[in-house]
Amino acid sequence: VLPRVRVDALESSGILTLYGEQNGCIGKLYVDVDVKETPDMYVNSASAGTVFKDTVKLCEGAENLAIEVLTINGTNGLEYTWDDGTTGNTLTIANVTRNKDYLVSVHDPSGSFVCDGHLKVPVRVLPKPAIFIDGPKEQCADAYATLVPHGLKPSDNYQWKNYGNNDTLRALITETETFEVTGMNSLTGCEATTTWTVAKINPPLVEIEIDGDNGEGAVCEGNQFTLKAKNAFTYVWNDSLQTKEQNLGQIANTATWYSVEGTDSRGCKGTATIFVDVLPKPVLWTYGNRPICLGDSLSLEAMGADKYEW
């Protein structure tokens, strides 16, 4: 047996008994071992993220992380020193960009604790989820745009700013608008936000011209006239046949409102209307008509119109 003994990881004070033998005689010595208490530190709180078993987990992009450590044995008069030289039981980290272990030591200048305490605080950065939006970049005015976010698990939720909690957003486009959605990973608690802009497409400025009128939008009764639409790609008239031509031929019978819907090359629709007035034909008669002899003269006066041609 060696005269030297090593006892590891003593947790409390006690007495060790030493036996020695010489020339067949045995001697005994009681050794009083005094184990001084070591401050037992733990992470009490973190201003961002969560604490589990002295490990701080927080989401990517967190700022001004404050880690507070305490000791189970009390904190009065204890001096805390972090591995970067910071003193005090709170360490503030302006920007957390990567995983890192922080070391803190505690010393009792009063001597109540002969031994210093040490604690390793792992800080783990959790990635933000990658959020994307599928949808149109432009949409016709007063039509609906469907926006579909993705990037999370099916069980996770998306929150649209000003539109509530919806996985798929169907929004009426009245002006160019930027939509914002936030998605949270339910496992890590980390959120990410992205935006999507939908530009409003103005409708085509459909117009109607009349060919065959009197220049003031009126047509003589029984005459044929043509309505000509322009400024779109395809057209549908509101006549009984729903004519799908650019030009619409009609015969004037009664005064009527006509309308046409025009669709441009991007599918946007515009409408134009026009009123066609129908003017009655004048009723003509003559004054002075009478039987005459061969070779005599006859004077007739036309009545019922503004202009005459014989």
Side-chain angles (χ1 to χ4, degrees), residues 135-147 162-163 169-179 197-310:
K137 282 291 189 180
E138 57 184 14
Q139 185 59 277
C140 302
D142 299 318
Y144 285 90
T146 300
L147 305 180
N162 300 326
Y163 289 93
L169 177 64
R170 189 169 181 265
L172 180 65
I173 304 301
T174 58
E175 297 292 342
T176 295
E177 185 173 355
T178 297
F179 299 89
T197 299
V198 179
K200 182 192 75 171
I201 305 175
N202 290 320
L205 298 176
V206 180
E207 296 179 2
I208 303 175
E209 296 178 348
I210 304 178
D211 185 10
D213 68 335
N214 64 351
E216 298 179 358
V219 181
C220 294
E221 181 183 4
N223 286 6
Q224 187 172 11
F225 64 95
T226 301
L227 300 176
K228 297 181 177 181
K230 62 180 184 179
N231 299 334
F233 187 68
T234 61
Y235 304 89
V236 178
W237 293 88
N238 72 329
D239 63 326
S240 60
L241 299 178
Q242 294 289 291
T243 302
K244 297 180 180 180
E245 301 291 342
Q246 183 173 2
N247 298 334
L248 179 66
Q250 296 285 288
I251 295 177
N253 292 315
T254 59
T256 305
W257 281 98
Y258 295 88
S259 68
V260 64
E261 181 183 72
T263 303
D264 64 15
S265 58
R266 293 177 291 188
C268 298
K269 300 179 184 299
T271 302
T273 59
I274 192 170
F275 180 74
V276 179
D277 195 11
V278 175
L279 303 176
K281 292 182 178 181
V283 178
L284 302 179
W285 73 94
T286 58
Y287 179 77
N289 189 14
R290 59 184 176 81
I292 61 173
C293 295
L294 181 65
D296 289 349
S297 297
L298 178 66
S299 178
L300 297 176
E301 182 179 359
M303 306 289 288
D306 296 328
K307 298 178 180 179
Y308 304 92
E309 181 176 348
W310 293 91

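Keep in mind that this is a model prediction, so the values were computed, not measured.
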| request: Please collect all ring pair (Phe, Tyr, Trp, His ring centres under 6.0 Å) contacts where either partner lies in residues 217-250, sequence neighbours excluded, each pair once. | output: none
| Looking at residues at least two apart in the chain, or sitting in another chain, which of them share a side chain to side chain contact (heavy atoms under 4.5 Å, CB included) with W257? | T273, F275
| query | Considering only heavy atoms from C-beta outward, does the side chain of V219 approach that of D277 to under 4.5 Å? | reply | no
| request: May I have the step-by-step check of side-chain contact (heavy atoms from CB on, under 4.5 Å) for V260 and I208, ending in yes or no? | output: CA-CA 8 Å; V260 64; I208 303 175; 3.6 Å; yes
| message | Contact between Y258 and D239 at the side-chain level, heavy atoms closer than 4.5 Å - yes or no? | response | no
Contacts table for residues 200-207: side-chain donor-acceptor under 3.5 angstrom, sequence neighbours left out:
| from | atom 1 | to | atom 2 | distance (Å) |
| --- | --- | --- | --- | --- |
| K200 | NZ | N202 | OD1 | 3.2 |

| note | Separation between CD (E209) and CG (L227), nearest 0.5 Å, reads 10.5 Å
| query | Can you tell me if CD on E245 sees more than 12 non-hydrogen neighbours from other groups inside 6.0 Å? | reply | no
| task | Could you list the residues that satisfy side chain to side chain contact (heavy atoms under 4.5 Å, CB included) with V236, not counting sequence neighbours? | result | Q242, K244
| Can T226 and I210 be said to form a side-chain contact (heavy atoms from CB on, under 4.5 Å), step by step? | CA-CA 6 Å; T226 301; I210 304 178; over 6 Å; no
| field | CD on E261 to OG1 on T263, rounded to 0.5 Å | value | 5.0 Å
| Considering all heavy atoms of both residues, which atom of G222 and which atom of I251 are nearest to each other, and what is their separation? | O-CG2, 3.7 Å
| Sub-3.5 Å donor-acceptor pair from the side chain of N238 to the main-chain atoms of S259, do we have one? | yes
| message | Just verifying a value: how many Å separate D211 CG and L248 CG, rounded to the nearest 0.5 Å? | response | 12.5 Å
| said: Between V198 and E138, is there a side-chain heavy-atom distance shorter than 4.5 Å? | reply: no
| query | Would you say the side-chain atoms of T256 pair up with the backbone N or O of T254, donor to acceptor, closer than 3.5 Å? | reply | yes
| request: Not counting sequence neighbours, which residues clear ring-ring contact (aromatic ring centres under 6.0 Å, His included) with Y144? List them please. | output: none
| field | Residues Q250, Q224; criterion side-chain contact (heavy atoms from CB on, under 4.5 Å); working and verdict | value | CA-CA 6 Å; Q250 296 285 288; Q224 187 172 11; over 6 Å; no
| task | Calculate, to the nearest 0.5 Å, the distance between atoms CG and CD belonging to L172 and Q139 respectively. | result | 9.5 Å
| Rounded to the nearest 0.5 Å, how far apart are CZ of R266 and SG of C140? | 7.5 Å
List, one per line, each side-chain donor-acceptor pair under 3.5 Å for residues 298-310, sequence neighbours excluded.
| from | atom 1 | to | atom 2 | distance (Å) |
| --- | --- | --- | --- | --- |
| Y308 | OH | G304 | N | 3.3 |
| Y308 | OH | A305 | N | 2.7 |
| Y308 | OH | A305 | O | 2.6 |

| request: For residues T197 and T176, determine if any side-chain heavy atom of one lies less than 4.5 Å from a side-chain heavy atom of the other. | output: yes
| said: Between L279 and N214, is there a side-chain heavy-atom distance shorter than 4.5 Å? | reply: yes
| request: Using atom types as modelled and distance alone, determine if a side-chain donor or acceptor of Q246 lies under 3.5 Å from a backbone N or O of A229. | output: yes
| For A255 against V278, the heavy-atom pair lying closest together | N-CG2, 3.6 Å
